[in-house]
Amino acid sequence: MAVYAATKAYVVSFTQALWAETQGTGVRVVAVSPGPTKTPMNTRGTRSTEAVATTVLRALTGNGPAVIDGRTNALNALLFGRLLPTRLSLAVARRIMARRGV
């Protein structure tokens with residue numbers, strides 16, 4: 001879980017830096033966080049690929065460096081990423097991942 005979380009954090013941070021560096025050039029850079037997406041490899045996903053694609057297309061016409069697909073995912077990112085203390089967020093994440101067998 002640690003490597004996965006660190007990799008995701010790097011991708012978002014790197015994308016935000018690219019977004020800032022490309023302002024005014026006509027290049028559009030957006031980090032997309034779709035959450036669990038239903039695919040042939042992940043049948044337990046909660047978001048359809050069509051819903052994610054719609055979010056991506058909408059994000060490309062926006063002006064921010066990142067987008068989170070789905071209200072539940074956005075709420076979880078706010079709650080666990082900003083509002084709750086880090087120790088509590090980590091404890092909850094560990095329990096969720098243990099339940100899923102990760």
Q. Checking side-chain contact (heavy atoms from CB on, under 4.5 Å) for the pair V67/T55: CA distance, chi angles, key distance, verdict?
A. CA-CA 8 Å; V67 64; T55 298; 3.7 Å; yes
Q) Which atom pair, heavy atoms only, marks the closest approach of I68 to A77? A) CD1-CB, 3.5 Å
Check: residues 23-41 side-chain donor-acceptor pairs under 3.5 Å, at least two apart:
residue	atom	partner	partner atom	Å
Q23	NE2	W19	O	2.9
T25	OG1	T22	O	2.6
T25	OG1	V27	N	3.2
R28	NE	L60	O	3.2
R28	NE	G62	O	3.3
R28	NH1	G64	O	3.1
R28	NH2	A59	O	2.8
R28	NH2	G62	O	3.2
R28	NH2	G64	O	3.0
T37	OG1	G35	O	3.1
T39	OG1	M41	N	3.2
T39	OG1	N42	N	3.0

Q) Taking atom OG1 of T72 and atom CZ of R47, what is their separation to the nearest 0.5 Å? A) 8.0 Å
(Q) Assigning hydrophobic clusters by single linkage (Ile, Leu, Val, Met, Phe, Trp, Tyr; side-chain heavy-atom cutoff under 4.5 Å), is L88 placed with L90? (A) no
**Q.** Same apolar cluster: L84 and L75, side chain cutoff 4.5 Å
**A.** no
Q.
How long is the straight-line distance from CG of D69 back to OG1 of T54, given to the nearest 0.5 Å?
A. 8.5 Å
Q. Quick one: do L79 and V92 end up in the same hydrophobic cluster if we chain Ile, Leu, Val, Met, Phe, Trp and Tyr together by side-chain heavy atoms under 4.5 Å apart?
A. yes
Q. Under a single-linkage definition using a 4.5 Å side-chain heavy-atom cutoff for Ile, Leu, Val, Met, Phe, Trp and Tyr, are V3 and V11 assigned to the same hydrophobic cluster?
A. no
